[in-house]
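In each ligand, atom 1 is the first atom listed, and ligand 1 is the first ligand listed.
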Amino acid sequence: MHIALLFFSGTGNTRWLVETLHPLLISSGNTVALFDLEKEHNFDYHAYDTFIVAHPVYGAHVPRIVIEKVTAMIPGNRSLIVIATFGYVNALGYFAEKKALGRHIYAYYNVKMFNNISTPKMKVGIKTPEKRLLSKTRLKKKIEKIGASILMGKCKIQGIGPQLLVGIKIRKAFHNGLQTHYQTLGVDPERCTLCGLCVRECPTHSIIEENAVFTFHATCTACMRCYNHCPTQAITINGVYADPNVYTRYAGPWK
Ligand SMILES: Cc1cc2nc3c(=O)[nH]c(=O)nc-3n(C[C@H](O)[C@H](O)[C@H](O)COP(=O)(O)O)c2cc1C
Ligand code: SF4
Ligand code: SF4
């Protein structure tokens, strides 16, 4: 097999999954090329016979960056194997994934990882690093199973259940919010040290800083990396400072 393993990871969960899966797939003479979708690549789909796309779930939907990049890089007549990571309930599922990426999904896997978002608007618990470490063995086993299933060419479709009906509601409720997420983001000038990290790290280059004034742009894919990674927690949501003692920032799966 000549595998192209394409991924997007806003805060590290999907990256960790991909880095765990990668060595498992390089066996039996397979070649596996990794493509981080937030970077520019010289990608020629002709070189591959198998396409795996791994991404997080946002509001029971596929992140915009993934839809845009995958659609541009791989023609619609090529089917995909998809691995979706999620924090609490994956109400996205195979059918919505197929529609979002506009093509046949050969196999669909979903992996419960860790929630990465806790804000005044959406206060969901973030697991402590100790609790996350405890999940490492479970996750490694799950990823090993996915790797074996892919290498056997199984058309496995995971995650079909009642949560998919909830997903329709979530997608409707979150759709506009995700598209206009950039409008809610801001920077607290009292806390910002102008370190430039958010500007450098934004996967879609959606943050512009000029003379200490920040603007957030519509290309934002709502990954929450800027909010989670800012060293002084200066990124605001709807103009509100989120106290990190109440709203824990997410620094990645094992940090
Ligand atoms: C904007 C946003 C929306 C999210 N929506 C969902 C969701 O609908 N269901 C869910 O289970 N997790 C949701 N999550 C959690 C992420 O899917 C989960 O933490 C994922 O593993 C993050 O992957 P990453 O670290 O590779 O970006 C959401 C996270 C963000 C930032
Ligand atoms: S990462 Fe935080 S402190 Fe650094 S420039 Fe961005 S908002 Fe300011
Ligand atoms: S502006 Fe923030 S939330 Fe939006 S894509 Fe950039 S880092 Fe992610």
In terms of residue, atom name and distance, what is the protein heavy atom nearest to [atom]?
{"atom": "atom 12 (N) of ligand 1", "result": "Gly87 N, 3.1 Å"}
{"atom": "atom 4 (Fe) of ligand 3", "result": "Cys220 SG, 2.4 Å"}
{"atom": "atom 1 (C) of ligand 1", "result": "Ala222 O, 3.3 Å"}
{"atom": "atom 5 (S) of ligand 2", "result": "Gly196 N, 3.2 Å"}
{"atom": "atom 30 (C) of ligand 1", "result": "Tyr58 CD2, 3.6 Å"}
{"atom": "atom 27 (O) of ligand 1", "result": "Gly10 N, 2.8 Å"}
{"atom": "atom 6 (Fe) of ligand 3", "result": "Cys202 SG, 2.3 Å"}
{"atom": "atom 8 (Fe) of ligand 3", "result": "Cys223 SG, 2.4 Å"}
{"atom": "atom 8 (O) of ligand 1", "result": "Ala60 N, 3.0 Å"}
{"atom": "atom 15 (C) of ligand 1", "result": "Asn116 OD1, 3.6 Å"}
{"atom": "atom 5 (N) of ligand 1", "result": "Gly59 N, 2.8 Å"}
{"atom": "atom 1 (S) of ligand 3", "result": "Ile207 CG1, 3.6 Å"}

If you measure from each non-hydrogen atom of [X] to ligand 1, which part falls under 4.0 Å: side chain, backbone, both or neither?
{"X": "Cys223", "result": "backbone"}
{"X": "Phe114", "result": "backbone"}
{"X": "Thr85", "result": "both"}

Return a yes/no value for [X]: is any of its N or O atoms, backbone included, closer than 3.5 angstrom to an N or O of ligand 1?
{"X": "Thr11", "result": "yes"}
{"X": "Ile117", "result": "no"}
{"X": "Val89", "result": "yes"}
{"X": "Ile170", "result": "no"}
{"X": "Pro56", "result": "no"}

Which of the ligand 2 atoms, numbered from 1, are nearer than 4.0 Å to a heavy atom of Phe214: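 Selected atoms, number and element: 5 (S).
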Close approach, Val57 and ligand 1, non-hydrogen under 4.0 angstrom: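 It does; at least one heavy atom falls under 4.0 Å.
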With sequence neighbours excluded, residues passing side chain to side chain donor-acceptor pair (under 3.5 Å) with Ser206: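 Expected list: Thr204, Thr219.
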Side chain to side chain donor-acceptor pair (under 3.5 Å) involving Asn90 - partner list, sequence neighbours excluded: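 Here the qualifying residues are Tyr108.
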When you measure from the side chain of [X] to the backbone N and O of [Y], does any donor-acceptor pair fall under 3.5 Å?
{"X": "Arg200", "Y": "Cys198", "result": "no"}
{"X": "Ser149", "Y": "Lys145", "result": "no"}
{"X": "Arg138", "Y": "Lys136", "result": "no"}
{"X": "Arg103", "Y": "Pro75", "result": "yes"}
{"X": "Arg132", "Y": "Lys255", "result": "yes"}
{"X": "Thr119", "Y": "Lys121", "result": "yes"}
{"X": "Asn115", "Y": "Gly125", "result": "yes"}
{"X": "Arg249", "Y": "Tyr227", "result": "yes"}
{"X": "Lys142", "Y": "Asn110", "result": "yes"}
{"X": "Asn211", "Y": "Val213", "result": "no"}

Validation row, ring centre Phe43 to ring centre Tyr48 under 6.0 Å: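 So the answer is yes for these two rings.
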Ring center gap for Phe114 and Trp254 short of 6.0 angstrom: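 Aromatic pair counts; centres sit under 6.0 Å.
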Region of Thr219 engaging ligand 3 - heavy atom pairs below 4.0 Å: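 For Thr219, there is no contact with ligand 3 at all, from either part.
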Shortest heavy-atom approach to atom 3 (S) of ligand 3 - which of His217, His205, Met224: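 Looking at heavy atoms only, the winner is Met224.
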[X]: numbered ligand 1 atoms lying under 4.0 Å from its heavy atoms:
{"X": "Met224", "answer": "31 (C)"}
{"X": "Thr14", "answer": "23 (O), 24 (P), 26 (O)"}
{"X": "Ser9", "answer": "24 (P), 25 (O), 26 (O), 27 (O)"}

Ile208 and Val199: CA distance, side-chain angles, deciding distance, side chain to side chain contact (heavy atoms under 4.5 Å, CB included) verdict: CA-CA 6 Å; Ile208 309 291; Val199 175; over 6 Å; no
Residues 31-40 side chain polar contacts: donor-acceptor under 3.5 Å, at least two apart:
from	atom 1	to	atom 2	distance (Å)
Thr31	OG1	His2	ND1	2.8
Asp36	OD1	Glu38	N	3.1
Asp36	OD2	Arg15	NH2	2.8
Glu38	OE1	Arg225	NH2	2.6
Glu38	OE2	Arg225	NH1	3.1

Nearest atoms (heavy-atom pairs only) where Leu21 meets Gly147: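 In this case the closest contact between Leu21 and Gly147 is CD1-CA, 3.7 Å.
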hydrophobic_cluster_shared for Leu101 and Ile81, side chain cutoff 4.5 Å: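 Result: no, two separate clusters.
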Within less than 2.8 Å of atom 2 (Fe) of ligand 2: protein N, O or S atom count: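 There are 1 of them.
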Those atoms of ligand 3 less than 4.0 Å from some heavy atom in Thr204: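 Listed by number with element, the hits are 5 (S).
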Parallel, tilted or perpendicular: ring planes of Tyr58 versus Phe8, cut at 30 and 60 degrees: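 Plane angle over 60°, so perpendicular.
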Spatial distance of atom CD1 (Ile143) from atom CD (Glu19) [nearest 0.5 Å]: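 Taking CD1 in Ile143 and CD in Glu19, the distance rounds to 10.5 Å.
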